[in-house]
Every structure is written in structure tokens, then in C-alpha cells.
Engineer: 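Mind looking over this structure? Questions follow.
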Amino acid sequence: MRRILFLLLFISTLSFAQEKLPVKRDPYLQAPSTAQPKQLKPEDKVKIIHADEINKNPEKYEGNQYLTGNVKIEHQGSILTADEVIIYEGENFVKAIGNTRLQNADGSVITAGEMEYDGNTQKGVARKNVVLTDPKQTIKTDILYYDKLANQAYFNTGGTISDSQGNVMYTKTATYFLNTKMIDFVGNVKIDNAQYIIEGVNIKQNQNTKVAEFFGPTTITNRANPKNRVYTERGTYRMETKEAFLNKNSKIFYNDKILTGDDMYYNQLSGFGKATGNVTLDDPKERRYIKGGYGEIFEKKDSSMMTKNPYAVKIMEKDSIYFASEKIISYQKPDSADITIKKSYLRAYRKARIYKSNAQGRADSIAFNETDGIMHMYTKPILWSGEKQVTGDKVEAYFNTKTENIDSLKVIGNAFAISKVDSLTLKDEFNQVKGKFMTVYYQNNEIKEARVVGNAQAIAYVDDVDQETKKPERIGITLSACGIIGALFEETGLQIISCSIGATSDTYPMSKIEPARRKFPDFNWNTKDRIRKWQDILVDSPNYEEIQYTSDNELFDKAQKAIDDEKAKEEAKKPKRVRK
């Protein structure tokens with residue numbers, strides 16, 4: 001009987017037109033045009049399924065029909081239930097009040113304190129403790145706008161979105177596309193997870209693929225270690241695999257280091273990251289940065305690698321050190337003596353170069369213990385300091401970590417030190433000392449002393465001061481050979497201060513020593529490849545024009561000519577045989 005009564009009342013509402021005031025709608029629900037009223041088909045109208053009471057009062061709800069008690073209505077497959085529903089029949093519009101619930105055909109459900117719904121546009125507004133749920137997530141807000149035709153839900157009063165993966169999203173404004181399961185967050189967005197926190201100004205997240213896209217400044221922070229974080233202004237984040245693809249003004253902060261580049265990738269689970277373009281790895285604690293065209297980091301190993309014209313700068317207060325090579329690796333590892341202390345290391349592989357104001361070098365590879373200040377140069381190393389050059393099979397340099405200067409060098413195998421006798425002239429005059437093993441000591445940032453062990457040999461130009469003119473006067477050249485040589489590098493000379501174990505030492509005047517004996521056979525003074533400014537490390541070789549030195553053989557040539565003339569005279573005195 002009640003069902004028949006409902007049917008009669010419903011038919012009566014369709015049959016009789018009454019003068020009713022238009023409903024006061026939310027601005028989102030625009031009133032239909034009165035100029036050309038839309039002709040609705042029966043299936044387009046809101047249908048009443050059930051209500052405990054159906055009422056109409058001219059003094060209430062602008063005289064429109066209202067239903068109370070377990071109200072259930074239907075429209076286009078969606079079911080709305082509420083404590084009370086007002087039906088604005090002429091506008092195909094309803095208002096629901098109290099315990100409202102909208103069940104949509106796609107499986108999504110909206111609950112709220114009250115709702116408005118326009119059957120013509122299929123748009124609605126839900127207010128007061130609004131909750132939208134579907135199989136992918138739950139949205140909570142104060143006011144929710146939804147559009148059934150566009151399959152969108154929208155809020156701009158602040159809200160939270162929770163998904164099945166444990167992510168909780170907080171935002172001022174969001175649009176949810178129900179078909180694609182895409183959420184567009186705008187304004188102080190925050191995504192909270194057990195492992196990380198994402199904060200940005202505009203984030204789009206697909207609830208099917210679990211991929212988030214970032215538009216504008218965004219940060220992904222590691223909960224366990226907040227200092228480890230990712231920053232970008234344009235990127236993509238795969239929330240399940242914790243992979244970030246970063247494309248604009250991006251930075252990866254890890255272990256107190258910062259990696260930047262044009263395009264970057266980072267996996268939070270493995271700790272692996274890479275960057276291309278203008279790549280920089282900054283280590284503020286170590287006061288060192290590395291630049292290149294491609295870089296990789298390994299967070300868990302605390303190591304990194306840089307290629308494509310890389311170079312590194314070790315920043316020092318007085319005199320920084322510059323490194324370059326085809327590949328640069330940096331890493332940290334515990335000290336063998338105390339595992340609580342980490343030491344930093346730098347490796348430069350293939351065509352390695354180094355620049356410091358008082359020392360420049362080349363080798364196939366360079367290994368630098370930054371913490372202890374020990375540098376190893378391998379395979380054809382060559383080190384310049386002022387107008388002095390050191391070569392050998394391997395060179396070890398020891399830096400004073402407090403003064404930031406080189407204290408000493410160790411040259412292992414085929415050690416050879418050369419110094420220009422007078423740096424102000426282009427005379428072909430060089431002091432030389434060589435042997436199997438050499439230790440070189442610095443004083444005031446310059447090579448001062450050398451100790452050579454094993455087949456030690458020296459060629460030293462010897463000067464004395466003329467008592468009348470007070471000017472240096474060349475005496476000759478000393479050739480020394482010993483088991484051990486101690487040599488002192490002076491301003492323009494090399495003083496042999498000790499020569500022991502099988503020592504032989506002879507000084508020859510310049511007129512008595514031929515030019516070939518003034519240099520060792522493996523003499524290799526190199527001016528073409530020498531690094532003279534830090535920018536020279538950026539190329540394999542600066543390829544400077546070789547300096548041409550002038551040999552001063554005047555005394556020897558004059559003495560040799562006198563000898564030759566004397567021989568000629570003696571030859572002339574000999575009787576000559578005449579053939580009869």
C-alpha cells in the first residue's frame with residue numbers, strides 16, 4: 001500500500017506545475033537557463049525509491065516536496081540515501097541533509113553531513129565531514145565538488161587522501177579523476193609514508209600505477225635520516241620502487257654530500273643515483289667538489305664516480321688542489337686502526353693531472369688520501385715545483401694537513417730530479433740527481449733537499465763568488481756517483497752535501513767537459529706538457545711550445561779547437577813520405 005502511495009505522489013509531482021522559487025545553489029552548481037528549458041526524458045529525472053514520509057509545505061523549502069526518514073533516491077545508476085531530501089522537481093535538483101551517502105555505479109562512495117545534486121549537469125557538492133572512498137583510496141575534506149559526467153572530484157578547502165599502501169596525502173586543493181585514478185594536488189602538498197615524506201606545490205599521482213609527477217619545487221625526505229633527501233622542480237617518482245627521475249634544478253642530498261645535474265635518477269632502496277649534463281658532486285664536510293658530464297653515487301658504499309671531462313677541487317684556505325683525469329672516484333671507508341673514524345679518498349684514473357700553486361703533476365693515475373694528506377702517483381709520474389722536475393716509477397707526496405703544504409716526496413724506482421741552474425736565463429744548464437730511491441724535502445713551499453739511495457748519481461754546476469766583483473763565477477761541473485747522495489738545492493745550484501758508499505766525485509772545468517756529459521742519457525726536461533695554471537688540467541696536455549735553450553759551449557769549443565790546432569801542428573812536423 002505504501003509503495004502505491006509513493007507512486008501516486010511521485011506521478012502527481014510530475015503532473016502539476018506550481019509556482020516555486022528557484023533553489024539557492026552553490027556557485028559550482030550553476031542554475032539551468034530559463035530561456036530554453038531543457039526537455040528531460042523520464043530516465044534523466046531523479047527517481048524516488050523510498051522514504052518514510054513525503055511532505056510539502058508552502059512555507060518550507062520554497063514549497064518544494066521533501067522526503068524524510070530512510071530516504072533513498074536514484075539517478076543514472078547512483079543511489080543517494082539521507083535522513084531528509086528536498087526535491088526541486090522543476091530543476092531536477094535535490095538537497096540531502098543528515099547522514100547522506102552517495103553510492104556511484106563505479107564503486108565509489110561519498111558520505112557527508114549534507115549534499116546538493118543537479119540531475120541535469122550530474123554535478124554535486126558534499127559538505128561537512130566529507131569522505132569519498134573507492135578501492136584505491138579514501139578522501140576526507142570539508143567540501144567536495146564532484147562531476148559524474150567528467151568523473152572528477154575536487155576540493156579546495158584542505159583535505160587528506162589515504163591509500164592502501166599506507167600513504168597519507170595532505171593538500172589544500174586536489175582534483176581526483178575517477179576513471180584514470182589520477183589525483184592532481186596543488187598548494188602545500190604533503191605525502192606521508194613510513195619511509196619518506198614528499199612535500200611540493202603541485203603533484204600529480206596515479207593511484208593505479210603509483211607514479212607521482214612533480215611540477216614545481218618538491219622535496220622527498222628520508223624519514224630514518226632526514227638529511228638524506230631529494231629536491232627537484234620537475235620530476236617523476238615511482239612510489240612502490242622508490243625511484244625518482246629528476247629533470248629540473250634537481251639535487252640529491254646523501255651522507256652530507258650533494259649531487260646535482262641536468263637529468264638525474266635516484267633509487268632510495270638501493271641508494272644508487274646518477275646524473276648527466278652539468279654534474280656536480282659537492283662534499284662540504286670534505287671541502288671538495290667534483291664536476292663532470294656524467295656521475296654516479298652509491299649511498300650505501302659512500303662512494304661516487306665521475307666521467308666525461310671530470311675534475312675535482314680540494315678547497316683549502318691558502319692553496320686549493322685541482323685534479324683531472326678521464327675518471328674520478330671518491331669514497332669513504334673506516335680507518336683500519338679505529339673503525340669509528342672514516343677517511344676520505346680520491347682516485348683519478350687515466351691521464352691524471354694535478355695542480356697546486358707550488359706543485360703540478362701528471363701520471364696515468366693518482367690516488368689521494370684526503371684525510372691523511374698522502375698522494376700516490378702511478379705510471380710515468382712527473383711532478384714540477386718551480387723550476388724543478390721530479391720523475392720516477394712511482395711518486396708519493398706527503399701533505400701537512402694543517403699548513404696545507406707539501407712536506408716531502410718519495411720517488412720509488414728510476415728516481416730523477418732536475419732543476420734549472422738559472423731560471424732567469426734560457427741557458428741549457430740543469431742540475432741533476434738520480435738513483436733507485438729518492439726522498440725530497442720541501443721548505444717554504446719549494447724543493448730544498450734530496451736524499452738518493454741506490455746507484456746515486458749527480459751532475460751539479462759549481463759556482464764561486466769572485467772576491468773582487470762579488471759576482472758568481474762558474475768553476476765547472478761536478479760528476480758524482482755514490483751508494484747514497486745527499487743534495488741541497490740552492491737558489492741557482494745543487495750542493496752535494498754527502499756522498500757515501502763507493503763514492504767518486506770529480507769536478508771538471510767547463511773547458512774540459514764535453515756537452516754530452518752534462519746531461520744523463522735519460523734526461524727528460526718537459527716543458528710542452530707542464531701544467532702552468534689550473535685550467536691546464538682540463539685538457540690532456542696544454543701542448544705548450546717547447547722552450548728552446550741555448551748551449552754555452554764556448555770554453556769547451558775554444559779548448560777543443562786549441563787541442564785540435566796543437567794536434568795539427570804536431571801532425572805537420574812529422575816527415576811526409578813521398579812516392580817516387
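The residues of the chain are indexed from 1 along the displayed sequence. Note that the structure is predicted; figures quoted are calculated from it, not measured.
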Engineer: Do I477 and T507 have side-chain heavy atoms sitting under 4.5 Å apart?
Structural biologist: no
Engineer: Return the CG to OG distance between D283 and S344, rounded to the nearest 0.5 Å.
Structural biologist: 6.0 Å
Engineer: Roughly how far, to the nearest 0.5 Å, is the CH2 atom of W384 from the CG atom of D529?
Structural biologist: 6.0 Å
Engineer: On the ring face of F215, is K204 found with NZ or CZ under 6.0 Å from the centre and within 45° of the axis?
Structural biologist: yes
Engineer: For F323, run the ring pair (Phe, Tyr, Trp, His ring centres under 6.0 Å) check against Y355, Y289, W534, F368 and tell me which one passes.
Structural biologist: F368
Engineer: Can you list everything that forms a side-chain hydrogen bond (donor to acceptor under 3.5 Å, both in side chains) with Q360? Sequence neighbours excluded, please.
Structural biologist: R530
Engineer: Using ring pair (Phe, Tyr, Trp, His ring centres under 6.0 Å) as the criterion, list what pairs up with Y237, not counting sequence neighbours.
Structural biologist: Y196
Engineer: Decide whether a cation-pi geometry holds between K519 and F523; the criteria are a distance under 6.0 Å from NZ or CZ to the six-membered ring centre and an angle within 45° of the ring axis.
Structural biologist: yes
Engineer: Could you tell me whether R451 atom CZ has more than 12 heavy atoms of other residues or ligands within 6.0 Å of it?
Structural biologist: no
Engineer: How close do G273 and Y266 get, counting heavy atoms only, and between which atoms?
Structural biologist: CA-CD1, 3.9 Å
Engineer: Which atom pair, heavy atoms only, marks the closest approach of S325 to A352?
Structural biologist: CB-CA, 3.7 Å
Engineer: CD/E396 to CD1/I374 distance, rounded to the nearest 0.5 angstrom?
Structural biologist: 8.0 Å
Engineer: Give, for atom CD1 of I418 and atom CH2 of W525, the distance between the pair rounded to the nearest 0.5 Å.
Structural biologist: 6.5 Å
Engineer: Please evaluate residues E326 and K308 with respect to the criterion salt bridge (charged side-chain N to carboxylate O under 4.0 Å, His left out), reporting the C-alpha separation (whole Å), side-chain torsions for both, the decisive distance (0.1 Å), and the verdict.
Structural biologist: CA-CA 7 Å; E326 291 184 359; K308 293 187 179 180; over 6 Å; no
Engineer: More than 12 heavy atoms of other residues, nucleotides or ligands under 6.0 Å from CG of N255: yes or no?
Structural biologist: yes
Engineer: Give a yes or no on whether K436 atom NZ has more than 12 heavy-atom contacts from other residues, nucleotides or ligands under 6.0 Å away.
Structural biologist: no
Engineer: As an exercise, state the distance from CZ of F245 to OG1 of T236, rounded to the nearest 0.5 Å.
Structural biologist: 7.5 Å
Engineer: Could you check E545 against K528 for salt bridge (charged side-chain N to carboxylate O under 4.0 Å, His left out), going step by step and ending with a plain yes or no?
Structural biologist: CA-CA 6 Å; E545 185 176 351; K528 179 174 72 73; over 6 Å; no
Engineer: Heavy-atom count check: over 12 atoms from other residues, nucleotides or ligands less than 6.0 Å from D335 CG?
Structural biologist: yes
Engineer: Would you list the atom pairs, donor with acceptor, under 3.5 Å between side chains in residues 408-417 and any protein atom, with sequence neighbours excluded?
Structural biologist:
residue: N414; atom: ND2; partner: D393; partner atom: OD1; Å: 3.1
residue: N414; atom: ND2; partner: D393; partner atom: OD2; Å: 3.1

Engineer: On the six-membered ring of F430, is K420 placed so that its NZ or CZ lies under 6.0 angstrom from the centre and within 45° of the ring axis?
Structural biologist: yes
Engineer: When the side chains of residues 336-343 are checked against the rest of the protein, which donor-acceptor pairs come out under 3.5 Å, sequence neighbours left out?
Structural biologist:
residue: D338; atom: OD1; partner: T340; partner atom: N; Å: 3.1
residue: D338; atom: OD1; partner: T340; partner atom: OG1; Å: 2.6
residue: D338; atom: OD2; partner: T340; partner atom: OG1; Å: 3.2
residue: K342; atom: NZ; partner: D302; partner atom: OD2; Å: 3.3
residue: K343; atom: NZ; partner: D372; partner atom: OD1; Å: 3.4
residue: K343; atom: NZ; partner: D372; partner atom: OD2; Å: 2.7

Engineer: Go through I198 and T219 one step at a time and tell me if the side-chain contact (heavy atoms from CB on, under 4.5 Å) criterion holds.
Structural biologist: CA-CA 6 Å; I198 302 177; T219 303; over 6 Å; no
Engineer: Using a strict 4.0 Å threshold on nitrogen-to-oxygen distance, state whether D282 and K257 make a salt bridge.
Structural biologist: no
Engineer: One pair to check against salt bridge (charged side-chain N to carboxylate O under 4.0 Å, His left out): E199 and R229. What are the steps and the verdict?
Structural biologist: CA-CA 11 Å; E199 295 176 286; R229 62 194 187 279; over 6 Å; no
Engineer: Is it true that, when you exclude N188 itself, more than 12 heavy atoms of the residues, nucleotides or ligands shown sit nearer than 6.0 Å to its CG?
Structural biologist: no
Engineer: For K356, enumerate each residue passing the side-chain hydrogen bond (donor to acceptor under 3.5 Å, both in side chains) test, keeping only those at least two apart in sequence or located in another chain.
Structural biologist: D319
Engineer: Can you confirm whether more than 12 heavy atoms, excluding those of K210, are under 6.0 Å from its NZ atom?
Structural biologist: yes
Engineer: With sequence neighbours left out, write down each residue that passes side-chain hydrogen bond (donor to acceptor under 3.5 Å, both in side chains) with R347, or none if nothing qualifies.
Structural biologist: Y331
Engineer: Dump the intermediate steps for side-chain contact (heavy atoms from CB on, under 4.5 Å) on I447 and V390, then the final yes or no.
Structural biologist: CA-CA 10 Å; I447 292 176; V390 176; 4.0 Å; yes
Engineer: Test side-chain contact (heavy atoms from CB on, under 4.5 Å) on T425 and Y549; report intermediate values, then the result.
Structural biologist: CA-CA 9 Å; T425 72; Y549 295 98; over 6 Å; no
